[in-house]
2 protein chains.
Amino acid sequence: MSIRIGIYGYGNLGRGVESAIRQNPDLSLAAVFTRRDPKDLKIQTEGVPVLSAGDVLSFKDEIDVMILCGGSATDLPEQTPSLAEHFCVIDSFDTHKRIPEHFERVDAAAKAGGKLGVISVGWDPGMFSLARLYSSAILPCGKDYTFWGKGVSQGHSDAIRRIEGVLDARQYTVPVEEAIAAVRSGACPELSTREKHTRECYVVAKEGADLARIEHEIKTMPNYFADYDTTVHFISSEELAREHSGIPHGGSVLRSGKTGFDLENAELIEFRLKLDSNPEFTASVIVAAARAAYRMAKRGEVGCRTLFDIPPAYLSPLSDDELRRSLL
Amino acid sequence: MSIRIGIYGYGNLGRGVESAIRQNPDLSLAAVFTRRDPKDLKIQTEGVPVLSAGDVLSFKDEIDVMILCGGSATDLPEQTPSLAEHFCVIDSFDTHKRIPEHFERVDAAAKAGGKLGVISVGWDPGMFSLARLYSSAILPCGKDYTFWGKGVSQGHSDAIRRIEGVLDARQYTVPVEEAIAAVRSGACPELSTREKHTRECYVVAKEGADLARIEHEIKTMPNYFADYDTTVHFISSEELAREHSGIPHGGSVLRSGKTGFDLENAELIEFRLKLDSNPEFTASVIVAAARAAYRMAKRGEVGCRTLFDIPPAYLSPLSDDELRRSLL
């Protein structure tokens, strides 16, 4: 009897979850819930119902784990607490500074309903967070570095699109290779924002738009671009579609630390991801966490959790014996 | 009130544990136990007693976690089960294929005494095992690669020392950079033993020894060298002491996997270590695990565990709130 998964919200992440479930024979897709008209939604898995988000509560007994695939800006802050009272839920809430507040709300709702919720699952927050936690626990005398990219930042791409005269845009976050190399060498450099990442923008402008003004607006935009060395390329919509339609991402979490009575030895830990598809990888982490959430819920655990709280073995379909024999 | 640690066995690893404890203000060294005459042992921490291994049971109430720092060949298979009945224990048992059997014996002893034991803590087994577990759970359609080095292999160095005419030796395991590069590129190559690692040997021979015979014996030694491209350098004992006295190690665990409905996207996970001191890093992992073991024991957990069973948050001195705020 497989673990029955519900998908709530069917964009890039929802599709990623649908495809990840196929790689895990102990999981099955039970239903997809959408705020659109279900008739208009075509999913890839035959025989699985597409249902209206409004009807979700009638499926409490048909779903073991509900995976919320909405966005962190407005969807998840409302949806996760509201569903956590009725379902075992997982989300990928990724607004780092609002995590404590989101945690509290999901925790309260899950406890009220006697359910388990897991938030902020993915790669950052998620696997990168785990790398930071493990490596800082192991090397207390040390310094963390997180580099992102090369990869597409949806938020920065959206910010460019809001500029007058811009039809479409794609922004890549690019780590500065010299900075990574310095950290990998065992040095503990102090790096400014500008020294860690550059930003590359591919912009499709309206015909006749003032390109110099657009470029200036991008490069001086506070928070998003002003603190970075930014390059702007104006290209055609055809080129954007042809060369920039992927959603790659990745990066490295490094910890450079010292050991020994006189801190005479340098130790370096690096966790690195190179992803063709950001949403599909995020979905793959979420689906493994869904297995863990199911097991924790079965044990009677209640309230909100993150990957920090999940014993690693719970994520794997292998038994404890098999894990010790084959992976330890 | 800090967590009181006992060190059982004071070689390179024991000294590493002693120095790691200094980096963790919530831990304190309570005592060092040795099979040598305690009078002959000088440790680095003032005011801490050095005691005879035979007296260890009288210190049941003075030690919260006993860290066993003996070797996997003969010490730990006997010591860990025997102490697990009386203490919360941790070891770094690293004979991979005997782990299931060691686990069973420690589990039985710990349960008999109502204690908790954690075995096989370090980097391989240990952090590399965690990397294999997390990455295989996330990317079921994929392939694992573990590369070791460049680093000193104690077992291979010892094997050379047993050859007639050899005074001393140091063996480095060296990963083949082209093989790592191929895996990092997203390919899933099938790699033979010979294609993954080479072996470099620095040998001090007795005066007048038959160097050609020694080199031949090394290169044809089954299990240790016959399956590898091996180079042998004869050097003086002065050069060995000057250039090869460190105990560096490290390596990479990679998982190359595919996602998407048609497995059209490649995802790569890499966990990499670059260590000046193999025993000090191993000790640093063990000391973090000692904190976790203490917490699990306090919760009433009993029996044998590995890092696979430990919620990551237990390893950190930070509270759950702080972890979510600062590292998630």
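Here is how names work: the chains are called A, B, and so on, in the same order as the sequence lines, proteins then strands, and each is numbered from 1.
For residues 306-318 of chain B, the side chain to side chain donor-acceptor pair (under 3.5 Å) pairs, not counting sequence neighbours, are B/Arg299-B/Tyr314.
Looking at B/Ser185, the atoms closer than 4.5 Å to chain A (heavy atoms on both sides) all sit in the backbone: N, CA, C or O. With a 4.5 Å cut-off on non-hydrogen atoms, B/Val287 does not touch chain A at all. Within the 4.5 angstrom heavy-atom criterion, only side-chain atoms of A/Arg22, from C-beta onward, approach chain B. At a 4.5 Å heavy-atom cutoff, B/Thr146 makes no contact with chain A through either its backbone or its side chain. With a 4.5 Å cut-off on non-hydrogen atoms, B/Asp262 does not touch chain A at all. Residue B/Phe103 touches chain A through its side chain alone, counting heavy-atom pairs closer than 4.5 Å. Contacts between B/Asp124 and chain A at a heavy-atom distance below 4.5 Å involve the side chain alone, from C-beta outward. Within the 4.5 angstrom heavy-atom criterion, no atom of A/Ile286 approaches chain B. Within the 4.5 angstrom heavy-atom criterion, no atom of B/Lys97 approaches chain A. Heavy atoms closer than 4.5 Å to chain A are found in the side chain of B/Leu263, but not in its backbone. With a 4.5 Å cut-off on non-hydrogen atoms, B/Leu323 touches chain A through its backbone and its side chain both.
For the pair A/His102/B/Arg324, no side-chain contact is recorded, criterion being any heavy-atom separation below 4.5 Å from C-beta on. Looking at A/Ser129 and B/Leu327, their side chains never come closer than 4.5 Å, going by heavy atoms from C-beta outward. When side chains are defined from C-beta on, B/Phe281 does not count as touching A/Asn265, because their heavy atoms never get closer than 4.5 Å. In this structure, the side chains of A/Tyr134 and B/Leu130 come closer than 4.5 Å at one or more pairs of heavy atoms.
Interface residues of residues 244-257 of chain B toward chain A, defined by a heavy-atom distance below 4.5 Å: none. Within residues 266-276 of chain A, the residues that have a heavy atom under 4.5 Å from a heavy atom of chain B are A/Ala266, A/Glu267, A/Leu268, A/Ile269, A/Glu270, A/Phe271, A/Arg272, A/Leu273, A/Lys274, A/Leu275, A/Asp276, listed by number. Within residues 10-18 of chain A, the residues having any heavy atom less than 4.5 Å from a heavy atom of chain B are, in residue-number order, A/Arg15, A/Glu18.
Taking all atoms of both residues into account, the shortest heavy-atom contact from B/Glu104 to A/Asp321 is OE2-OD1, 4.5 Å. Among all heavy-atom pairs drawn from A/Pro125 and B/Leu328, the shortest one is CB-O, 3.3 Å. Heavy atoms only, all atoms of each residue included: A/Ala288 and B/Ala137 are closest at CB-O, 3.7 Å. A/Pro312 approaches B/Ile310 most closely through the heavy-atom pair CD-O, 3.3 Å.
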Pair A/Glu264-B/Glu280, side chain to side chain contact (heavy atoms under 4.5 Å, CB included): steps then yes or no: CA-CA 11 Å; A/Glu264 67 273 29; B/Glu280 285 174 8; 4.2 Å; yes
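Remark: the backbone N or O of A/Ile138 is not paired with any side-chain donor or acceptor of B/Gln23 at under 3.5 angstrom.
By number of non-hydrogen pairs under 4.5 angstrom with chain B, the leading residue of A/Ala289, A/Ala283, A/Ser277 is A/Ser277. Highest contact tally toward chain A, considering only B/Cys141, B/Gly126, B/Ser120, B/Pro100, is held by B/Cys141 [criterion: heavy-atom pairs under 4.5 Å]. For chain B, the option among A/Pro317, A/Ala20, A/Pro279, A/Gly260 with the highest count of heavy-atom pairs below 4.5 Å is A/Gly260.
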